[in-house]
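Only a predicted model underlies this, so the values are computations on that prediction, with no experimental measurement involved. Atom set for the values below is all heavy atoms of this structure, side chains included, hydrogens, waters and symmetry mates excluded.
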Amino acid sequence: MKTLQLFLLAIIFIVVAMIITTKANAGSYSTAKRYIGLHENKHKTKLKRILGVNPAVTPWCGAFVKTVHKKSGKVVPKGPLRSINWLSRGKKVSLKRARKGDIVVIRTSYGHHVGIFSGFAGNGRVKILGGNQSNRVKYSNFKIRSVIGVRRY
């Protein structure tokens, strides 16, 4: 009887943890969507105020994710402007198990980029909502093989 009770408690704990994580990720994703369309030149003053950096001269994908996380009540890693630092916190998740709102770090021709997982786009690509994607906040598709890590915060 005691074994069954412990088993049921473990299942309840896992389900509650999944619900909390999913809602938290959904909060980050919803917050990020509010900024879609902001452009680093056309909306420089607004983005500078929101991000705390000048987007016209600073690679700002990390600043965007930092802003979204803070507004969602989450802790950010040290040095959040460096995309690779987003892999230092949160729970490691395989790309197969990624959910909307998870953090994705990819390798690009110019270094690294960080954004928010939106889904799979087909044709071996992942859809990411992020800042500094063609100089604006938008959805972009990246090759799955460029993904170097996924984190759930």
Side-chain angles (χ1 to χ4, degrees), residues 11-56 58-108 111-153:
I11 289 176
I12 290 170
F13 176 78
I14 290 168
V15 169
V16 168
M18 287 174 64
I19 291 169
I20 289 170
T21 302
T22 301
K23 286 185 178 179
N25 286 346
S28 296
Y29 186 73
S30 295
T31 301
K33 283 180 19 178
R34 291 186 216 154
Y35 300 104
I36 291 174
L38 291 180
H39 189 277
E40 68 182 41
N41 293 321
K42 294 176 189 169
H43 308 104
K44 182 169 70 174
T45 303
K46 185 173 184 174
L47 276 173
K48 192 173 181 180
R49 182 175 34 81
I50 292 166
L51 303 174
V53 298
N54 182 346
T58 304
W60 54 279
C61 61
F64 176 73
V65 175
K66 175 193 84 165
T67 298
V68 167
H69 259 54
K70 282 189 169 187
K71 288 185 180 286
S72 300
K74 295 183 180 180
V75 177
V76 300
K78 290 182 181 180
L81 297 185
R82 290 193 66 223
S83 301
I84 199 77
N85 289 346
W86 285 91
L87 297 178
S88 68
R89 293 196 62 120
K91 179 184 174 194
K92 184 178 180 178
V93 178
S94 71
L95 184 57
K96 288 180 182 179
R97 298 195 186 282
R99 293 188 214 144
K100 271 189 182 174
D102 286 344
I103 299 302
V104 179
V105 177
I106 61 169
R107 184 175 289 111
T108 67
H112 295 98
H113 181 71
V114 64
I116 300 168
F117 181 79
S118 178
F120 293 97
N123 296 326
R125 295 185 175 270
V126 63
K127 186 175 182 180
I128 295 175
L129 172 56
N132 204 20
Q133 295 179 178
S134 300
N135 303 323
R136 65 180 40 104
V137 178
K138 65 178 249 175
Y139 293 100
S140 296
N141 297 332
F142 296 90
K143 293 177 182 175
I144 286 176
R145 69 175 182 254
S146 69
V147 174
I148 61 171
V150 179
R151 287 293 197 275
R152 186 163 296 145
Y153 278 75

Applying side-chain contact (heavy atoms from CB on, under 4.5 Å) between Ile116 and each of Ile128, Ile103, Thr31, report the one that passes. Ile103

What distance do Ile84 atom CD1 and Ile106 atom CD1 have between them, rounded to the nearest 0.5 Å? 11.0 Å

Closest approach of Leu129 and Ser118, non-hydrogen atoms and distance? N-CB, 4.5 Å

Stepwise, does the side chain to side chain contact (heavy atoms under 4.5 Å, CB included) test hold for Ile50 with Leu38? CA-CA 11 Å; Ile50 292 166; Leu38 291 180; 4.2 Å; yes

Closest contact, heavy atoms only, Val104 versus Phe117: CG2-CB, 3.6 Å

How close do Ser83 and Val114 get, counting heavy atoms only, and between which atoms? OG-N, 3.5 Å

Quick one: side-chain contact (heavy atoms from CB on, under 4.5 Å) partners of Asn85, sequence neighbours excluded? Arg82

Can you tell me if CG on Asn123 sees more than 12 non-hydrogen neighbours from other groups inside 6.0 Å? no

Arg125: partners by side-chain contact (heavy atoms from CB on, under 4.5 Å), with sequence neighbours left out: Ala121, Asn141, Lys143

Main-chain N/O of Pro80 paired to Trp86 side chain as donor or acceptor, under 3.5 Å: yes

So does Lys138 have more than 12 non-hydrogen atoms from other groups sitting under 6.0 Å from NZ? yes

What distance do Asn41 atom CG and Leu47 atom CG have between them, rounded to the nearest 0.5 Å? 10.0 Å

Rounded distance [0.5 Å steps], CG in Asn135 versus CH2 in Trp60: 8.0 Å

Who are the side chain to side chain donor-acceptor pair (under 3.5 Å) partners of Ser140, not counting sequence neighbours? Gln133

Hey, could you give me the CZ/NZ distance between Arg151 and Lys92, rounded to the nearest 0.5 Å? 6.5 Å

How far apart are the closest heavy atoms of Ser28 and Lys74, and which atoms are they? OG-NZ, 2.9 Å

In terms of the angle between their ring planes, are Tyr139 and Tyr29 parallel, tilted or perpendicular, with boundaries placed at 30° and 60°? tilted

Roughly how far apart are Arg89 CZ and His69 NE2, rounded to 0.5 Å? 9.5 Å

CD of Glu40 to NZ of Lys46, rounded to nearest 0.5 Å, is 16.0 Å

Quick one: do Val75 and Tyr153 satisfy side chain to side chain contact (heavy atoms under 4.5 Å, CB included)? Show the steps, please. CA-CA 8 Å; Val75 177; Tyr153 278 75; 6.0 Å; no

